[in-house]
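All chains are named by letter (A, B, ...) in the order of the sequence lines, taking the proteins before the strands, and each is independently numbered beginning at 1.
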Amino acid sequence: MADRRPIEQTLAQVGRPELLTVPGASPAKINVDSLSFFYGRNQALKDVAFDIPERKITAIIGPSGCGKTTLLRVFNRMYDLVPGAHAEGHVLLDGEDVVSTRNLLELRQKVGMVFQRPSPFPMSIRDNVAFAPRLLGWPSARIKTVVEQSLERAALLEEVKDRLNDPAASLSGGQQQRLAIARCIAVSPQVILMDEPCSALDPVATTKIEDLMSALMREFTIVIVTHNMQQAARVSDFTAFMLMNPEGRFGELIEFASTADLFNRPQDDRTEAYITGRFG
Amino acid sequence: MNRNRRRQSINYTSIAIAYALTGLALIPLGLVLWFTIAKGLPAASHPEFFFNVERPVDVPGAGIAHAIVGTLILVGIASLGAIPIGVLGGIYLAEYATSRWTDWVRLACDVLVGTPSIAIGLFAYALLVAPFHHFSALSGSGALAVLMLPIIMRTTEGAVRLIPSGLRESGLALGLPRWRVSLQLILPAAAPGVITGALLSVARASGETAPLLFTAFGNPFLNTDPTQPMQSLPVTVFHNALLPYQSLQEQAWGAALVLVVMVLLINLTSRYVLRRQIRLAGQL
């Protein structure tokens with residue numbers, strides 16, 4: 001077990017005592033420390049530092065182009081696909097550096113991701129969930145239980161248990177997104193990153209995903225990027241507000257606090273302007 | 001009002017011209033089909049045409065079984081070589097290609113597609129015939145494989161590029177190695193497009209004469225040994241059509257008809273498969 005320091009302590013260590021607004025001694029799962037990110041020569045993030053508490057839901061909000069998704073994609077090194085993209089600084093997952101790790105496969109098993117588009121694999125519902133466990137060489141008995149458990153935990157099993165062999169593309173958009181979540185938790189991640197998971201869904205499907213997130217919080221650390229401030233306020237425990245620096249054209253973390261504090265007592269004028277709808 | 005009528009008449013005239021030109025363009029195609037069917041059917045309507053081999057002039061019961069079998073073997077061996085390499089190369093171009101090197105690979109592919117097939121035949125002759133001092137089906141298959149390779153690579157690349165990047169990212173986000181995502185997730189999703197490309201290249205190779213003239217050469221007997229010279233449909237057409245005997249020329253037309261029907265079937269199959277790909281890609 002890596003050390004789980006109280007969040008106050010780690011925040012003090014990274015030299016950002018002004019972020020000490022986070023109440024409650026939740027241990028940090030991910031420490032982001034002076035993280036900068038570049039697409040080739042263009043800087044996309046500068047000096048982002050905050051701690052993501054374990055088994056809580058942390059929302060990242062901000063206007064388009066502020067680097068929310070870029071930040072999220074650092075946590076599982078998804079940016080490796082983009083030529084010329086590189087990160088500086090540190091992102092510690094249980095004390096181990098994500099930015100410099102060589103073991104991407106292990107990292108991505110620990111840090112799962114759910115995307116805006118559910119991208120069902122072109123195969124049956126069952127195979128969608130079983131795909132990764134099979135490729136990882138798990139015994140078939142274990143895969144069978146994992147498929148059922150994952151669908152159950154993703155609140156999808158009831159709806160699909162009689163048609164597990166149907167193509168995944170036959171599911172509705174909301175069901176596909178829950179299938180993507182089931183697929184993700186099948187490989188037992190510790191962190192689940194969600195990139196605008198509800199932006200393509202109707203309100204009913206959105207509610208289902210949000211309920212699901214609250215249930216999953218007991219087992220997983222969840223980080224969600226969302227355009228939707230109401231959604232952040234509804235589901236998250238902590239909220240990070242990001243903004244694009246108008247001179248540098250890079251994204252910055254403006255404020256990180258418990259969701260209640262950030263929405264009720266924002267410390268920064270820009271945060272207040274954003275959440276009260278004066279821009280963005 | 002007057003202006004409107006003028007516009008309408010211009011509209012109708014241009015549509016009429018477009019239709020007329022389309023009709024004109026279709027005339028050669030229709031004539032080719034008509035001639036092949038009309039002249040080929042007399043020979044191809046005898047069952048023995050498909051089961052017998054060449055006979056001396058005016059001896060009845062001649063057939064093209066050796067050419068049909070030969071074409072199947074020649075194209076089959078060529079496919080065994082070209083399809084795996086072409087598909088993997090296409091995946092490489094679509095999935096891993098970022099450097100300038102890959103632009104060169106792509107350019108080389110396009111140049112190879114445009115290379116006259118007789119030049120490819122000559123290349124196979126120099127590489128696979130001359131050193132061994134005799135013609136062989138294998139050298140013919142080698143020439144056909146070179147011909148098929150760039151077609152397969154480029155169509156595979158196109159089919160893989162059609163797959164939304166979300167699928168790739170979803171696979172990688174599960175902690176799966178990149179090559180397994182490429183081969184076991186992306187490739188199956190692109191399979192119909194890849195199969196279409198492979199089928200089109202097979203159709204193209206089946207109809208090629210020039211690369212076979214001095215590689216597989218030809219053989220009046222039924223031969224299944226790929227190290228020996230082998231007959232093929234296009235070469236049968238080529239040789240028999242040049243001979244001054246009516247019976248042999250009829251056989252050439254018959255062989256041409258068989259070839260056209262074969263290629264047509266392959267093309268129709270590939271279109272059907274491609275339609276499935278488009279439907280599938282829409283769902284992703």
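For A/R134, no part sits under 4.5 Å from any heavy atom of chain B, backbone or side chain. Looking at A/V114, there are no atoms closer than 4.5 Å to chain B (heavy atoms on both sides), in backbone or side chain. Using a 4.5 Å cut-off between heavy atoms, A/R183 touches chain B through backbone and side chain atoms alike.
Of all heavy-atom pairs spanning A/Q176 and A/L171, the tightest one is NE2-O, 3.2 Å.
Between B/E95 and B/R178 there is no salt bridge, since none of the side-chain N atoms of the basic residue sits less than 4.0 Å from a carboxylate O of the acidic one. In this structure, A/E148 does not pair ionically with A/K161, as no charged nitrogen and carboxylate oxygen lie closer than 4.0 Å. Checked for salt-bridge contact, B/R106 and B/D103 meet the test: a charged N lies under 4.0 Å from a carboxylate O.
Counting heavy-atom pairs under 4.5 Å between each of B/R180, B/E169, B/Q184 and chain A puts B/E169 at the top. When each of A/L105, A/N76, A/L136, A/D80 is checked for heavy-atom pairs under 4.5 Å with chain B, A/L105 comes out on top. Taking chain A as the reference chain and counting heavy-atom pairs below 4.5 Å, the highest number among B/G171, B/P177, B/S170 is found for B/S170. Here A/L135 is the residue among A/L193, A/L135, A/V187 with the most heavy-atom pairs under 4.5 Å with chain B.
Residues B/L176 and B/L172 fail the side-chain proximity criterion, which asks for heavy atoms closer than 4.5 Å.
Here the options are B/V202, B/I266, B/L233, the test is side-chain contact (heavy atoms from CB on, under 4.5 Å), and the partner is B/V75; only B/V202 passes.
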